[in-house]
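Encoded as structure tokens, the structure appears first; notes follow it.
Small disclaimer: the values here were computed from a predicted structure and weren't measured. Just so you know, these numbers use all the heavy atoms, side chains as well, and skip hydrogens, waters and symmetry mates.
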Amino acid sequence: MKTTDTPPADVTPDERPPVAKTTAVPGPLDKPSEGRTLNFFSHGMLILWAFMVVMPLLWAVMTSFKTDRDIFSSPWALPDSLHFENWSRAWTEANMSDYFLNTVIVVGFSLVGTMLLGSMAAYVLARFEFPGNRFIYFLFIGGMSFPIILALVPLFYVLQNLSLLNTLPGLILVYIAYSLPFTVFFMTAFFRTLPTSVAEAAFVDGASHTRTFFQVMLPMAKPGLISISIFNFLGQWNQYMLPTVLNTDEDRKVLTQGLVQLAVSQGYKGDWSGLFAGLVMAMLPVLAAYIIFQRQVVAGLTAGALK
């Protein structure tokens, strides 16, 4: 007699015993192995990139403490002793102290002016609607794509007519104009991510537009301000083309000009140890600024995406 698996007629579908479901067990060669392979290559590329970036910096620092003979006889060896006289010679005899002071003055004032004017313009473009708003914004965007080399000749004659050629104030104004487009572009996008309710509450309490900007909105934009300040500091500190054309006075040269002059003025008797010491002097403020504010830079760059 044949038996069937059909349930008896008096059993309803709800009373039928549950049927066990089988689940597929992932094989050993599935996504986990692919992820490990991807992590291996990504970490390997990061390690290679870090090696390519860090090694030249370490080599420059190491070379700045060697003598000229050691630099050519054993360029990759550690120095037998630390020759601090290379730094003192570069600081005094090569006039790196004057170049450093001029650079600090120019970059300090231009950075403050850039951040003040750029944040004010970005706040207005991001928070207020008025005729020509988008046109002005795109003018700043167009300034980012304009090659600075095309503006050198007009800038030269403009500063000459204003009696600002070969002066530190003239160079400060040029640095501010050079850095404003990117500052306005970055800060406009950042101000748009800030909540409008805080500014509206300040207006309700009787605060003016100026007070709302400086006491409410600007502190809220601190991550973006720090990020763009670091980028502007790097660009202005390492600027060479603008001061070479617009600032030829020996007493007002900046660090980049001083390093080139130190390399050229020695002739056949190159002071390589002093040159590397001056190079490290120019690098240290940039490295220190980035190491101190690296967390704020990352936070400012990702703040707009996380809001």
Please report the closest heavy-atom contact between [X] and [Y], naming both atoms and the distance.
{"X": "Ser110", "Y": "Ile176", "value": "O-CG1, 3.6 Å"}
{"X": "Phe233", "Y": "Ala289", "value": "CE2-CB, 3.9 Å"}
{"X": "Pro181", "Y": "Ala177", "value": "CD-O, 3.4 Å"}
{"X": "Ser179", "Y": "Gln236", "value": "OG-NE2, 2.8 Å"}
{"X": "Val53", "Y": "Leu57", "value": "O-CG, 3.5 Å"}
{"X": "Ala207", "Y": "Thr212", "value": "CB-OG1, 3.6 Å"}

Grouping I, L, V, M, F, W and Y whenever their side-chain heavy atoms are under 4.5 Å apart, do [X] and [Y] come out in a common cluster?
{"X": "Met55", "Y": "Val286", "result": "no"}
{"X": "Phe185", "Y": "Leu139", "result": "no"}
{"X": "Val54", "Y": "Ile291", "result": "no"}
{"X": "Val61", "Y": "Trp76", "result": "yes"}
{"X": "Ile292", "Y": "Met283", "result": "yes"}

Does [X] reach the side chain of [Y], with side-chain heavy atoms less than 4.5 Å apart?
{"X": "Phe182", "Y": "Ile141", "value": "no"}
{"X": "Leu125", "Y": "Phe140", "value": "yes"}
{"X": "Tyr178", "Y": "Thr114", "value": "no"}
{"X": "Val198", "Y": "Leu194", "value": "no"}

| request: Anything under 30° is parallel, anything over 60° is perpendicular, the rest tilted; go ahead and classify Phe190 against Phe186. | output: parallel
| field | His83, Arg89, Glu85, Lys66 screened by side-chain hydrogen bond (donor to acceptor under 3.5 Å, both in side chains) with Ser273, the one that passes | value | Arg89
| task | Report the C-alpha separation of Phe100 and Trp91 in whole Å, then their side-chain angles, then the decisive distance to 0.1 Å, and conclude whether the side-chain contact (heavy atoms from CB on, under 4.5 Å) test is met. | result | CA-CA 9 Å; Phe100 194 90; Trp91 185 258; 4.1 Å; yes
What's the spacing between [X] [atom1] and [Y] [atom2] if we round to 0.5 Å?
{"X": "Gln239", "Y": "Thr256", "atom1": "CD", "atom2": "OG1", "result": "7.5 Å"}
{"X": "Leu246", "Y": "Leu159", "atom1": "CG", "atom2": "CG", "result": "5.5 Å"}
{"X": "Ile148", "Y": "Leu155", "atom1": "CD1", "atom2": "CG", "result": "6.0 Å"}
{"X": "Phe191", "Y": "Arg127", "atom1": "CZ", "atom2": "CZ", "result": "8.0 Å"}
{"X": "Leu225", "Y": "Met220", "atom1": "CG", "atom2": "CE", "result": "12.0 Å"}
{"X": "Asp70", "Y": "Thr63", "atom1": "CG", "atom2": "OG1", "result": "10.0 Å"}

| request: Would you list the pairs meeting salt bridge (charged side-chain N to carboxylate O under 4.0 Å, His left out) in which at least one residue belongs to residues 227-251, sequence neighbours left out? | output: Asp249-Arg252, Glu250-Lys253
Atom [atom1] of [X]: over 12 foreign heavy atoms under 6.0 Å:
{"X": "Phe51", "atom1": "CZ", "result": "no"}
{"X": "Met241", "atom1": "CE", "result": "no"}
{"X": "Leu46", "atom1": "CG", "result": "yes"}

| So Tyr240 and Val254, side-chain contact (heavy atoms from CB on, under 4.5 Å) or not? Walk me through it. | CA-CA 9 Å; Tyr240 174 71; Val254 294; over 6 Å; no
| field | Check against side-chain contact (heavy atoms from CB on, under 4.5 Å), Phe109 and Leu171 | value | CA-CA 10 Å; Phe109 281 98; Leu171 200 60; over 6 Å; no
Check for me whether the distance between the ring centres of [X] and [Y] falls short of 6.0 Å.
{"X": "Phe65", "Y": "Phe84", "answer": "yes"}
{"X": "Phe276", "Y": "Trp59", "answer": "yes"}
{"X": "His209", "Y": "Tyr123", "answer": "no"}

| query | Within 45 degrees of the axis of the six-membered ring of Tyr137 and under 6.0 Å from its centre: does Arg192 put its NZ or CZ there? | reply | yes
| query | Among all residues two or more places apart in sequence or in another chain, which pass the ring pair (Phe, Tyr, Trp, His ring centres under 6.0 Å) test with Phe214? | reply | none
Measure from the side-chain N and O atoms of [X] to the backbone N and O of [Y], and report whether any donor-acceptor pair falls under 3.5 Å.
{"X": "Asn161", "Y": "Tyr157", "result": "yes"}
{"X": "Asn133", "Y": "Phe128", "result": "yes"}
{"X": "Trp237", "Y": "Ala282", "result": "yes"}

| task | Determine, step by step, whether Ile136 and Phe130 satisfy the side-chain contact (heavy atoms from CB on, under 4.5 Å) criterion, reporting the C-alpha distance in whole Å, the side-chain angles of both residues, the deciding distance to 0.1 Å, and the verdict. | result | CA-CA 11 Å; Ile136 297 175; Phe130 55 90; 4.0 Å; yes
| Residues Asn166 and Thr248: side-chain donor-acceptor under 3.5 angstrom | yes
| request: Before giving the answer on side-chain hydrogen bond (donor to acceptor under 3.5 Å, both in side chains), spell out for Thr244 and Gln257 the whole-Å C-alpha distance, their side-chain angles and the decisive distance to 0.1 Å. | output: CA-CA 7 Å; Thr244 300; Gln257 296 174 284; 4.6 Å; no
